[in-house]
S.K.: 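Handing you this structure, nothing more for now.
In what follows, every chain begins at residue 1, and chains take the letters A, B, ... in the order their sequences are listed.
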Number of protein chains: 2
Amino acid sequence: MEAGVSKSVLYKCWLNYDRGAKLSKENGEILSRIVTEKESEIISSAVKELEMAAQNIIGRKPEVLKETNLPHVFLGIDKDEKSDLIDNGFSIKKDKGVVNILGKDENGILYGVFEFLRQIYTGKNIDNINIVDNPKNMLRMINHWDNMSGDIERGYAGQSIFYKDNCVIDKMDRIEDYARLAASIFINGIVINNVNVHQYETKLISCEYLPKVKKIADVFRKYGIKLYLSINFAAPMELGGLNTADPLDAEVKAWWKKTAENIYRSIPDFGGFLVKADSEFRPGPFTYGRDHADGANMLGEALEPFGGIVIWRCFVYNCLLDWRDRTKDRARAAYDNFKPLDGKFKDNVILQVKNGPMDFQIREPISPLFGAMPNTNEIAEFEITQEYTGQQKHLCYLVPLWKETLDFDTLVEGKGSTVSEIVNGNLFKRKYGGVAAVSNIGNDESWTGHPLAQANFYGYGRMIWDTTLSAEEIAKEWVELTFGVFEGEDKIVSMLMQSRDIYEEYTCPLGIGWMVNPNHHYGPSVDGYEYAAWGTYHYADFRSLGVDRTVKTGTGYTAEYAKPIADMYENVETCPEELLLFFHNMEYKYVLKSGKTIIQHIYDTHFEGVERVYDLKEKWLSLKGKIDDEIFDAVLDRLEIQIKDSKEWRDVVNSYFYRKTGIQDEHKRKIY
Amino acid sequence: MEAGVSKSVLYKCWLNYDRGAKLSKENGEILSRIVTEKESEIISSAVKELEMAAQNIIGRKPEVLKETNLPHVFLGIDKDEKSDLIDNGFSIKKDKGVVNILGKDENGILYGVFEFLRQIYTGKNIDNINIVDNPKNMLRMINHWDNMSGDIERGYAGQSIFYKDNCVIDKMDRIEDYARLAASIFINGIVINNVNVHQYETKLISCEYLPKVKKIADVFRKYGIKLYLSINFAAPMELGGLNTADPLDAEVKAWWKKTAENIYRSIPDFGGFLVKADSEFRPGPFTYGRDHADGANMLGEALEPFGGIVIWRCFVYNCLLDWRDRTKDRARAAYDNFKPLDGKFKDNVILQVKNGPMDFQIREPISPLFGAMPNTNEIAEFEITQEYTGQQKHLCYLVPLWKETLDFDTLVEGKGSTVSEIVNGNLFKRKYGGVAAVSNIGNDESWTGHPLAQANFYGYGRMIWDTTLSAEEIAKEWVELTFGVFEGEDKIVSMLMQSRDIYEEYTCPLGIGWMVNPNHHYGPSVDGYEYAAWGTYHYADFRSLGVDRTVKTGTGYTAEYAKPIADMYENVETCPEELLLFFHNMEYKYVLKSGKTIIQHIYDTHFEGVERVYDLKEKWLSLKGKIDDEIFDAVLDRLEIQIKDSKEWRDVVNSYFYRKTGIQDEHKRKIY
C-alpha cells in the first residue's frame with residue numbers, strides 16, 4: 001500500500017498482503033521477476049500489486065525487466081487471434097518457469113494479477129495454474145450516493161471519500177486506495193455523485209468543477225475504471241441560464257452537446273451520465289410533456305460522438321399516492337412507466353432497473369421489467385449499502401439476495417431467460433449489459449462501518465464478474481482473504497450465509513416489507529408508512545394483512561410477469577410463501593405449509609430471529625484470539641447493537657400484531 | 001408606527017390605528033393635548049402611542065405640554081398614598097376636561113395609555129371613563145424558543161426576529177415593533193433565546209455577545225420590558241474553561257457571580273435566567289450528584305445582588321423510557337422530581353410548571369405540581385405556539401384551554417385554591433408569581449403565520465393581566481381591535497370560540513393525546529410514539545385503549561392530586577369524560593354518558609370535526625368584502641389546508657381503530 005491513509009487491518013480489507021502466504025521455492029523464484037512488454041498506467045498498477053505481495057511473500061521487491069530467461073511472471077496482452085478472451089478477460093498459465101498473465105486488454109492484465117494473488121492468498125496450489133476468465137457482465141458499476149456536503153444519502157460508514165464542505169477533496173490518497181479495492185473485484189465504472197443531484201452537484205459538469213472531477217478520473221484510470229456523473233435534468237436552466245430544459249428544444253440540445261464536449265476535453269474516457277428524472281420530485285422530461293425516451297435520447301445524442309452512455313433509472317413512481325385508494329400499486333410503476341417505451345431508446349441509452357419492484361427490501365419478488373423490454377438495454381441495480389437491511393449495524397450478507405435476482409428465470413423467452421442473461425445483454429443480443437449497485441463505503445476506517453459488510457462490497461464485484469460463483473464460494477474467498485486461511489473460517493462463512501434469513505426473521509414477515517421508521521428507515525414502525533403517500537402499505541387489520549396484487553381481485557400486478565410466473569404468484573397455493581403477503585391479503589389464521597398459522601409464524605420467526613442473533617454472537621466469541629482483535633472488537637460491538645435492536649423489532653412487531661388480533665402466542669412467550 | 005418594517009394590516013395586528021374611531025368633539029379636544037410631568041423613555045413611548053392614534057382620530061398630532069388649562073390627557077405617576085394601585089397598575093379617570101392616566105409606576109402609565117386607546121378603538125363611551133386596573137400576575141413573561149441560526153424550535157411563523165446566521169440582527173426596527181405589541185398587552189418580561197441552549201446561544205452571556213444583547217434590552221426598556229436569557233448549565237465549562245459545572249464547586253460559583261456582574265454592567269435591569277436542566281439531554285446538576293435546588297440556588301445567589309431571578313423549568317422527565325414497562329409514567333415526572341424539594345429553593349428562584357403533566361396537548365389534566373409546593377415560587381408555563389394544536393395552519397384559539405388551567409381549583413387549601421391563585425403567589429403568599437408562555441411569533445408578515453393566531457398572542461397577555469376576563473370577552477376585544485367594530489364580528493368570535501373543540505374532535509380522543517407524527521408533531525400517526533422511549537402511549541389493542549393511571553390498578557398518578565380531585569379521577573364514573581382515556585384503560589364498547597360507545601364516539605367526533613371545519617370556512621366566506629382582503633385571503637388559504645389535513649386526521653384515526661377493532665361505524669360512513 002503506497003497511497004494508504006492508514007494501514008490498519010480494518011482499512012486494508014481483502015487486500016491485506018501482510019496476512020502472508022506460502023509459496024514453494026520454485027514459485028517464489030518466479031515471483032522475484034516481472035517482465036512487461038510495455039509501459040502504461042494500468043500495467044504499472046498491476047506491477048505495484050505484485051511488488052507489494054512479493055515483498056511480503058518472498059521478502060523482497062521483484063526485479064522488473066524487459067525480458068529474461070530466468071523464472072518470472074510475464075504481463076502482456078493476449079495476441080492470439082483464436083484466444084477465448086473477450087474484453088477485460090484474462091488468462092493465467094504456468095509454462096515451465098514462467099507464469100503468463102495475459103489480458104485481452106490492459107484491464108485484463110490488471111485483473112489477472114489480482115486473480116493470481118487471490119489464488120495465492122487463498123492457499124491454492126499454483127504449480128499448474130491454468131485459468132481463463134472472462135467477465136459475465138461488461139458494465140460493472142458502482143453508484144455513489146455521495147453529496148458534495150460530504151454526507152452520503154443512505155450512507156452508514158461515515159462521510160464521503162470524494163467530497164467535503166461542497167468541494168472535491170484535495171488529497172487523492174484514499175480515492176486511489178478505493179480505486180484499487182474496486183479494481184481488485186473488477187469494477188470498471190463508478191458514478192461519483194448521488195442520483196439526487198442538488199445545487200452544488202449540478203455544477204460538477206461545469207468548467208468550474210471539471211478540473212476537480214478530472215483529478216478523480218485520473219486516479220480511476222490507473223485502475224481501469226471509468227468515471228461517470230449523475231446529472232440534473234434541469235442543468236440547462238440552473239447552469240446554462242436557459243428558460244427551459246425541454247429535451248426537444250434546440251437550445252437545450254445544443255447546451256448538452258457543448259457540455260459533453262467540455263467534459264470529454266477534460267476526461268477523454270468519461271463514462272457517461274446516470275439520470276434520475278421525474279422521480280421523487282426530481283426534474284425530468286414530463287415537465288415538458290415529453291417522455292423518458294425523449295429525455296434519455298437527447299442526452300444520448302450528446303454523448304454519442306465520444307462513446308459515452310446514458311444510464312436512465314427506472315425508479316419512477318407516483319410518490320403522492322392516496323393510501324385510501326387500493327387500486328393504485330407502486331409495485332406496478334416501473335413496468336407501467338417504461339414497458340410502453342420499448343424500442344424507443346437510442347443504442348447508447350441503458351435502463352437501470354432495481355432488483356425488486358419496490359425499493360431494496362429484505363425480500364421482494366424480482367422486478368417484472370426484467371425481460372419486458374427486448375429492444376432496450378437493461379442493467380440491474382442492487383443496493384450494497386444496507387438502507388433497509390440493517391444499516392451496517394446488523395450483519396446482513398446480501399449476495400444470496402442478489403443472486404436470487406440474477407438466477408431468477410423470467411421465462412420471457414422460455415426456460416433459461418434468467419435475469420442474469422437479460423442484463424448481461426445475451427438474451428436479446430443487446431449492445432450493453434451489466435449491473436450497478438449503490439456503494440456501502442465511506443470514510444470510516446473500515447470503509448463499510450460494519451467490518452463484515454466489506455463482504456458485500458467484495459461479493460458484489462465477484463458475483464457480477466462471474467455469476468456462476470455461489471454466494472458461499474464468494475463468502476469463503478472473502479473470509480480467507482480478510483482473515484487468512486485458518487481453522488474457524490467456516491464459522492464466519494456460516495455467519496454470513498445465515499445473516500439475511502436472520503434479519504428477515506425479526507423484521508418484516510413473508511415479503512410484506514417496510515414496517516420501518518419513516519425517513520431514516522431504521523428500526524421497527526409497523527404503521528410507519530401505512531397512512532403515507534409513498535405507496536408502501538401492509539393493510540393489516542384485525543382479520544388479515546397483505547397486499548392483494550392478483551388480477552382476479554387485486555391490483556393486477558401479477559399479470560406483468562410471463563404467464564407461468566404470473567400464474568404462480570396469482571394463486572395462493574403456488575405463490576412462494578416467503579412472498580405470500582406481497583401478493584395476497586391473507587387471514588392471520590391461514591395455515592402455511594409449515595402447519596403454522598400466519599400469526600404464529602410471525603411470532604415464531606420474531607422470537608427465533610433474536611435467538612439466532614445470540615447464536616451469531618456465540619460463534620463470534622469463539623473466534624477471539626484467532627482473528628485480529630481490531631476486527632473482533634468492532635464486529636462484537638455491532639453484534640451487541642444487533643441483539644438490542646433485533647429485540648426491539650421482535651417486541652414491536654409481535655406486540656403490534658397481538659394488540660391488533662388478540663390472538664395469543666401458542667407458546668405463551670412475553671408479548672407486550 | 002414609526003419603527004415599522006411594514007405597514008400592512010397583517011403586520012399591524014391589534015394596534016392598527018388606521019381602523020379609525022369616533023370621538024365626540026369634546027373628547028377629540030382632550031386628545032389634542034398631552035401633559036406629562038416628567039420625561040422618560042417609557043413615557044415617551046406612551047406619548048408616541050397617543051400621537052399615532054390622535055393623528056388618525058382627530059387628524060393631527062397633539063401638542064405635548066408641561067401644563068395647560070385647556071382640555072388634555074394627563075400622564076403621571078399616582079402619588080396618592082391611599083391609592084388602590086399596585087405595581088404596574090393604572091387608573092384612567094375623566095375629570096372635567098381632563099383625562100388623567102395615572103400609573104403606579106411608568107409601566108402603569110404606558111399600560112394606561114394602551115388601555116385608554118383600547119377603550120376608544122373598541123367603541124366604548126369614554127365620556128365618564130373611570131377605570132382602576134391592577135395586574136393579577138406580576139411576572140408576565142414570553143419565552144422565545146429562537147435559535148441564533150434564525151430557526152425557531154416549534155416556530156410556525158417564519159424565522160426569528162432576533163437572530164440570523166448565528167448573529168443578533170442589526171436592525172432593531174422589527175424588535176421595537178414587537179416590544180410595542182407586547183407592551184400593549186402588558187407583557188413585562190421576555191426570554192429571547194431557546195431553552196435548549198446550543199453552542200452559539202451559550203455565548204449570549206459572554207462579553208463577546210453582551211453588547212448585542214444590550215441593544216435588544218435597550219429597545220425592550222422603552223416599553224417597560226425586562227430581558228431574560230436562557231442559559232446553558234454547562235457554560236462554566238464551555239465558556240469558562242473550567243473542568244466542571246458542579247453547582248457546589250467554588251470556582252463554578254465564582255464564575256457565575258462574575259458572569260452576573262458582567263451582565264448587569266451592560267444591562268442594569270436584566271431580568272434573570274431561564275433554565276432547562278437535566279431534561280431531554282440538557283446538562284444539569286444531576287451530572288454532579290446534585291439536585292435541582294443546588295443548581296438553581298447557585299444561580300440565584302449569583303443574581304441576587306442585582307435583583308435578578310432564576311426561573312427553573314419543571315419539564316424534567318426520563319425520555320429514555322421502555323415502552324414495555326407500564327409501571328413507569330411520564331405524567332408523574334414533574335411532581336416526582338420536584339415535590340420532594342419544596343422549601344429548598346432560594347427566594348429568588350421560581351419553578352416554571354407546564355399547564356399539563358405531559359406536554360402541551362390539546363387536552364390534558366392540570367399538572368398536580370400546582371399547589372404541591374407551598375414553600376416554593378411557582379409560575380405556570382403555557383404554549384402559545386401551536387406545536388400540538390395545528391401549527392398555525394389550523395385555527396385553534398387557545399385562551400379557553402389556558403383558562404381551564406388557571407380556573408382549575410386544586411383544592412389543596414380547600415375551595416378557592418385555583419391555579420390562578422397559586423401561580424400569582426397569593427395562596428401561599430409567595431414573593432414571586434406570574435405566568436410564562438412560549439411565543440408564536442416570527443418574521444412572517446403577520447407575525448404569527450395564521451392571522452387569527454394573533455388572537456392567541458393577544459389573548460395570552462390580556463388573560464394573565466386580568467384573569468377575570470372570559471375567553472370570549474378577550475376574543476371580542478381582539479376582533480374589534482383587529483377588524484374594527486363591525487357587523488359580523490360575532491362570527492369571528494364564534495369561530496375562535498369553537499376552534500379548540502373542533503381541533504380536538506378530529507385529532508386525539510378523550511384526553512389520550514399524541515397520535516402525531518414523531519419529531520415535527522404535525523399530522524396523524526396513531527402509533528407514532530407508541531413504541532418509542534418518550535413515555536407517550538395510548539396502549540390501544542383490539543379490546544381497549546387508554547392509560548391506567550389509577551392508584552388501584554395503574555401507575556398511581558391520580559394520588560398526586562388533593563384527595564377530592566384524586567378520587568374524582570380515580571373513578572371511571574366521576575372522571576371527566578374528556579379525560580377518560582388519560583386516566584383509564586377502557587374497552588371500546590364502554591358506553592359514555594352520551595349513550596355512545598367509545599369507538600362510536602371516536603368515529604362520530606372525527607366525522608363531525610371535519611364537518612365543523614367546513615362550517616368555519618362557510619362562516620369565513622360570508623365575511624368577504626367586510627374585512628380586509630389581505631387577511632381574508634390569508635385565512636382562507638389556511639382554512640383550505642385545515643380542511644384537507646383534518647380529513648387526513650379523520651381517516652387515519654378512524655381507519656386505525658376500525659382496522660384494530662373490526663367494529664363497524666353505526667352510520668356506515670366510509671372508513672378505510
Side-chain angles (χ1 to χ4, degrees), chain A residues 320-328 514-534 537-546 585 587-589 599 606 644-645 647-664 669-672, chain B residues 320-328 514-534 537-546 585 587-589 599 606 644-645 647-664 669-672:
Chain A
L320 292 172
L321 284 175
D322 185 342
W323 58 270
R324 300 163 190 82
D325 180 0
R326 296 203 186 185
T327 67
K328 298 289 186 300
W514 312 95
M515 301 188 170
V516 289
N517 285 302
N519 306 321
H520 62 73
H521 299 165
Y522 187 82
S525 175
V526 181
D527 275 359
Y529 279 103
E530 188 59 15
Y531 302 96
W534 298 94
Y537 313 117
H538 54 62
Y539 299 133
D541 65 18
F542 63 102
R543 187 192 293 124
S544 64
L545 82 165
N585 184 282
E587 294 197 11
Y588 296 103
K589 294 184 176 170
I599 187 76
H606 283 77
K644 182 168 162 290
D645 292 353
K647 283 184 187 168
E648 189 71 12
W649 270 102
R650 174 193 70 193
D651 291 341
V652 170
V653 173
N654 282 344
S655 297
Y656 178 95
F657 285 107
Y658 172 66
R659 290 187 191 180
K660 200 150 211 162
T661 62
I663 301 172
Q664 298 276 349
R669 288 161 295 196
K670 184 74 186 162
I671 296 178
Y672 299 88
Chain B
L320 292 172
L321 284 174
D322 185 342
W323 58 270
R324 300 165 188 81
D325 181 359
R326 296 203 186 184
T327 66
K328 297 289 186 302
W514 312 94
M515 300 189 172
V516 289
N517 285 302
N519 307 320
H520 62 74
H521 300 165
Y522 187 82
S525 175
V526 181
D527 275 359
Y529 279 104
E530 189 58 17
Y531 302 96
W534 298 95
Y537 312 117
H538 54 62
Y539 300 134
D541 66 17
F542 62 102
R543 187 192 291 124
S544 63
L545 83 166
N585 184 283
E587 294 198 11
Y588 296 103
K589 295 187 176 166
I599 187 75
H606 283 76
K644 183 169 162 288
D645 292 353
K647 282 183 187 168
E648 189 70 12
W649 270 103
R650 173 193 71 191
D651 290 341
V652 170
V653 173
N654 282 347
S655 298
Y656 178 94
F657 285 107
Y658 172 65
R659 291 187 190 180
K660 200 151 213 162
T661 63
I663 301 172
Q664 299 275 350
R669 288 162 294 194
K670 185 73 185 164
I671 296 179
Y672 299 87

S.K.: Looking at every non-hydrogen atom in both residues, tell me the closest pair between B/Arg324 and A/Lys647 and how far apart they are.
M.R.: NH2-O, 3.8 Å
S.K.: Could you tell me which portion of A/Ala532 (side chain, backbone, both or neither) has an atom closer than 4.5 angstrom to a non-hydrogen atom of chain B?
M.R.: neither
S.K.: Please look at B/Glu530 and chain A and tell me whether the side chain, the backbone, both or neither of the residue comes under 4.5 angstrom of a heavy atom of that chain.
M.R.: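 When you check distances to chain A, only side chain atoms of B/Glu530 fall under 4.5 Å.
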S.K.: What residue in B/Val526, B/Asp541, B/Val652, B/Asn519 has the most heavy-atom pairs under 4.5 Å with chain A?
M.R.: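 Among the listed options, the one with the most contacts to chain A is B/Val652.
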S.K.: Please state whether the side chain, the backbone, both or neither of A/Arg326 comes within less than 4.5 Å of a heavy atom of chain B.
M.R.: side chain
S.K.: Flag the one option from A/Gly528, A/Ser525, A/Ser655 with the top tally of heavy-atom pairs under 4.5 Å to chain B.
M.R.: A/Ser655
S.K.: Quick check on A/Arg543: does its CZ atom have over 12 non-hydrogen neighbours (other residues, nucleotides or ligands) under 6.0 Å away?
M.R.: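 No, the 6.0 Å shell around CZ holds no more than 12 heavy atoms from other groups.
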S.K.: Test A/Tyr672 against every option in B/Tyr531, B/Tyr537, B/Trp323, B/Tyr539 by the ring-ring contact (aromatic ring centres under 6.0 Å, His included) rule and name the one that passes.
M.R.: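 Only match with A/Tyr672 under ring-ring contact (aromatic ring centres under 6.0 Å, His included): B/Trp323.
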S.K.: Contact part of B/Asp651 toward chain A, heavy-atom cut-off under 4.5 Å: side chain, backbone, both or neither?
M.R.: both
